[in-house]
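Numbers restart at 1 for each chain; the letters A, B, ... are given by sequence-line order, proteins then strands. All values reported here derive from a predicted model rather than from experimental measurement.
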Amino acid sequence: MDTKYDHTKIEKQIYKKWESADVFSPEGSTKQRVSQGITGNEKPYSVLMPPPNANASLHCGHVTYVIQDIMARFKRMQGFDSCYFPGIDHAGFETQYVYENKLKKEGKSRFDFDRETLYKNILDFVLENSSIAIGQFKRLGLSADWNRNTFTLDKNVVEQVYKTFEKMNNDGYVYREGYMVNYSTYYGTTFSDLETEYKDTVSPLYFVKYKIKNSDKTISIATVRPETIYADVAIAVNPDDKRYKDLVGLFAINPLNSRELPIIKDEYVDLNFGTGALKITPGHDLNDFKIGKKHNFEVISVIGLDGKMINTEKEIDGLYPKQARLKVAEILKNNNGLEKVNEKYENRVLVDYKDGYPIEPLVMTNWFIKTEKLFDKVINSVENEEVKFYKPVWKKEILRWLNEKRPWPISRQIAFGIAIPAWYSIKENPEIFVTFVVDGKTISGYIKDIKKNYDIEIIKKGLQKIVAPENAKFKIQVESPGEDYLQETDTFDTWFSSGQWPQVTTGFPNSADYNKYYPTNFLDSMWDIMFFWIARMLMFGIYLTDKVPFKNVYFHGAVTDKHGVKMSKSKGNVINPIEIIDEYGADSLRAGIITGGDTSAKFTPLDIDKVKSYRNFSNKLWNIARFINMYEETNQIPNGIDLKEYEKIEINIVEESVLLTKFVTKKLEKYQYKLALEEIYHFVWDKLANEYLEIAKNKNDIDSMRVLKEIFKTSLKLLHPFMPFVTEAIWQELHGNKNSMLIVEKWPE
RNA sequence: GGGUGGUUAGCUCAGUUGGUAGAGCGCUUCGCUUACAUCGAAGAUGUCGGGGGUUCAAGUCCCUCACCACCCACCA
């Protein structure tokens with residue numbers, strides 16, 4: 001043995017050994033256990049890997065996957081029939097985003113391709129990338145059964161997604177509706193509420209005067225979006241507002257298009273804000289949309305899907321809202337309709353989570369899932385703790401969100417995803433608006449007109465997008481119902497497929513894995529996707545199987561630098577996990593993330609000093625083994641120890657190792673990884689190496705070396721889930737290259 | 001506006017039912033002693049955010065204030 005432990009030589013070699021010995025698959029490990037004459041308790045234990053996005057290599061956040069691996073290895077060693085299910089997510093919008101950036105660099109855009117070609121290109125890109133991610137997970141030492149790898153565009157996943165959708169449709173959970181959605185005119189797709197955020201800005205607040213019909217009076221409103229005045233349908237005031245008491249019931253005149261707007265009462269209006277009067281614009285504001293529905297007002301849209309003004313007037317149509325705003329202010333000013341402008345008004349605007357581009361609230365027809373009934377069952381399961389959250393906070397948080405029972409918009413206007421299996425007959429729905437590419441040219445228009453000039457097959461071949469009216473007739477089925485049908489071009493929200501992860505990985509509805517491993521035991525994820533993913537998995541799981549999909553949920557924090565600052569390229573504090581593995585070894589990185597902070601807190605700092613200290617620890621372990629090996633070169637050390645034979649010092653260290661074993665086992669059962677690992681660290685370094693090893697060295701007899709070796713072996717076993725490579729490497733050194741310690745040895749008791 | 005978490009040694013953090021303050025890194029001094037210098041030995045460092053309370057005893061329980069962070073909702 002070298003005087004130094006060299007992870008660069010050993011780690012890759014060890015991982016290959018594990019793979020070729022097939023120790024990660026439950027079949028492989030069980031077979032080998034039996035052949036060794038070891039029988040475990042053979043109860044199933046399953047860990048689900050949250051599938052990483054297929055569009056990029058790993059970042060520091062993925063280091064937290066060691067938490068899952070710790071559980072998988074721990075349970076496997078305890079004799080459970082343990083399986084760690086891995087996978088990769090196609091990550092619809094995220095991936096298309098990455099791919100479009102790539103196209104941009106090549107001077108192209110998504111509009112250059114028909115839907116099918118674009119999809120295929122992105123898929124090729126993704127398949128190339130996903131093997132990188134898997135390779136990196138292997139370097140981290142994850143003991144997942146890669147033969148069971150699932151990709152969320154695999155045939156069985158797509159089939160399951162379709163089945164679920166059909167079932168939901170039959171059960172009445174699916175509906176199409178014109179609803180106010182968060183539409184990104186930049187990306188050309190809607191976002192769920194979870195995918196948007198508010199950004200503080202300063203914008204001018206315009207005070208606009210509306211004349212009252214048949215009166216000399218006027219009424220003023222305050223708005224940051226005067227360009228939407230074209231879409232006004234009413235003016236609302238608070239019922240208790242004395243200032244406007246006399247005006248209620250009269251009509252105001254829209255200063256831009258002279259439309260008559262009823263002045264109504266509504267409690268929503270804040271007496272103290274602005275002028276106390278509110279313009280109602282159901283087409284472009286969510287609250288106005290709700291008020292509009294209540295009072296049965298028309299919805300007028302003056303911003304198109306391309307982000308430009310429509311249905312206004314010559315000067316304004318075709319402008320972007322920002323430009324239109326200035327122009328409208330000018331028009332109002334000239335008409336004596338602009339009272340004043342507060343230039344420095346602080347407000348917040350809705351933007352997308354990705355790039356912070358503005359979100360336009362627009363009324364669009366989308367596919368939705370009704371969540372009330374589905375969530376009721378989830379709420380029940382969470383309250384009854386059929387699924388347990390590691391911290392009570394999370395239970396509270398998820399219940400709060402579930403109780404809102406918001407409808408889930410599941411359609412996305414992007415190509416990269418699972419297409420919604422809905423078909424529209426072009427005969428029954430002449431108002432379908434289609435966009436398609438033919439001979440490099442983009443054509444768009446209503447199908448009733450288009451089909452006069454283009455053959456349906458040409459339209460289908462070059463199809464980019466269809467927009468079907470809200471009342472369109474459709475059929476839900478996988479195969480095309482006939483020649484005259486066009487398929488919905490919207491795809492499912494990526495969470496609609498990854499939400500069924502526990503089912504698709506285990507092979508629901510009937511497979512050996514599903515029967516054995518479902519409901520799964522342990523799920524670790526970051527808390528930021530609690531609503532996106534965890535809540536939806538619970539929803540699908542209970543809906544499809546009547547059981548919670550997993551029994552225990554652990555949330556880890558966002559990995560930050562050691563000062564708790566989020567890593568970002570611009571701050572220059574990004575840590576590449578692979579570089580850390582290269583320099584210090586995977587074991588050290590694994591141990592470093594576990595002990596560097598609280599993994600169950602909202603933020604987990606990655607402290608390189610901690611990583612370094614466990615690199616040193618690896619070397620310490622290596623040298624203890626070396627010491628034992630050197631002794632064994634001249635003396636055979638028999639296995640096992642007999643306490644009766646020994647002096648007090650031996651009995652002490654043996655007793656302490658028993659206590660350690662109990663402590664570590666208990667902490668692992670309670671997911672308190674840091675406490676467990678630090679306890680082993682100090683036992684091995686302070687007690688075993690610094691104290692006992694010195695005693696054994698002085699005694700220089702077989703009996704004390706027996707004790708040293710046995711206790712060291714116990715320590716290695718306890719340490720294995722945390723630091724699998726170095727413990728396995730040492731195991732091999734001590735036992736002359738035999739089977740993996742994962743198989744040969746059982747968790748100490 | 002509603003809610004949650006945090007504030008302990010220079011830095012990052014432990015401290016599980018209240019019982020004389022801990023770890024890693026860093027720092028000081030000494031030591032290349034044949035397992036290990038990725039080491040060993042010895043050592044310094046804290047009014048445990050402020051204030052009040054309960055208790056024989058509080059970092060640990062209660063109240064209050066301050067600051068930091070995050071989540072949710074959303075302002076025309």
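Among the atoms of the strands shown, only primed sugar atoms or phosphate atoms (P, OP1, OP2) are found under 4.0 Å from some heavy atom of Y345(A). K4(A) comes within 4.0 angstrom of a nucleotide base, judged by non-hydrogen atoms across all strands. Across all strands shown, D598(A) has heavy atoms under 4.0 Å from sugar-phosphate atoms exclusively, and none from any base. Heavy atoms of K667(A) sit under 4.0 angstrom from at least one base atom. Among the atoms of the strands shown, only primed sugar atoms or phosphate atoms (P, OP1, OP2) are found under 4.0 Å from some heavy atom of R626(A). Across all strands, E694(A) comes closer than 4.0 Å to base atoms (heavy-atom distances). Using a 4.0 Å heavy-atom criterion, one finds that K612(A) contacts no nucleic acid atom at all.
Within the structure, every side-chain polar atom (N or O) of K602(A) is placed at least 4.0 Å from both OP1 and OP2 of A69(B). Note on N619(A): every side-chain N or O is 4.0 Å or more away from OP1 and OP2 of C39(B). Distances shown here put a side-chain N or O of H563(A) below 4.0 Å from the OP1 or OP2 atom of U12(B). Contact check, W685(A) against G40(B): a side-chain N or O comes under 4.0 Å of OP1 or OP2. A sub-4.0 Å separation between OP1 or OP2 of A73(B) and a side-chain N or O of R406(A) is present. Applying the 4.0 Å criterion to OP1 and OP2 of A41(B), one finds that N690(A) has a side-chain N or O inside that range. Contact annotation: Y614(A) side-chain N/O to U38(B) OP1/OP2 distance is not under 4.0 Å.
Comparing U12(B), C70(B), C75(B) by their closest approach to the side chain of N287(A) singles out C75(B). Considering only side-chain atoms of A689(A), the nucleotide from A35(B), C70(B), C13(B) that sits closest is A35(B).
No side-chain donor-acceptor contact under 3.5 Å links D6(A) and W622(A). Between the side chains of D232(A) and T281(A), a donor-acceptor pair is found at a separation under 3.5 Å.
As a whole-Å value, the separation of I624(A) CD1 from U38(B) C1' is 14 Å. With rounding to whole Å, D686(A) atom CG is found 11 Å from A42(B) atom P. If you measure from atom CG of D607(A) to atom C1' of C13(B), you get 9 Å, rounded to the nearest angstrom. Distance W394(A) CH2 to C72(B) P: 11 Å, rounded to the nearest Å. As a whole-Å value, the separation of N272(A) CG from C74(B) C1' is 17 Å.
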Checklist entry - Tell me, what's RNA chain B's dot-bracket, Watson-Crick or G-U with both distances under 3.5 Å, | for other-strand, [ ] crossing? => result (((((((..((((.....[..)))).(((((.......))))).....(((((..]....))))))))))))....
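When ring centroids are compared, W685(A) and Y681(A) come within the 6.0 Å threshold. Ring centroids of F191(A) and Y183(A) are separated by 6.0 Å or more, keeping the two rings apart. Ring centers of W401(A) and F375(A): under 6.0 Å apart, within the cut-off.
Comparing R400(A) and V393(A) by the nucleotide of RNA chain B whose heavy atom lies nearest to each, the residue mapping closer to the 5' end is V393(A). Nearest-nucleotide positions on RNA chain B for Y5(A) and T223(A) put Y5(A) closer to the 5' end.
Smallest separation of non-hydrogen atoms from S184(A) and I359(A): CB-CD1, 3.9 Å.
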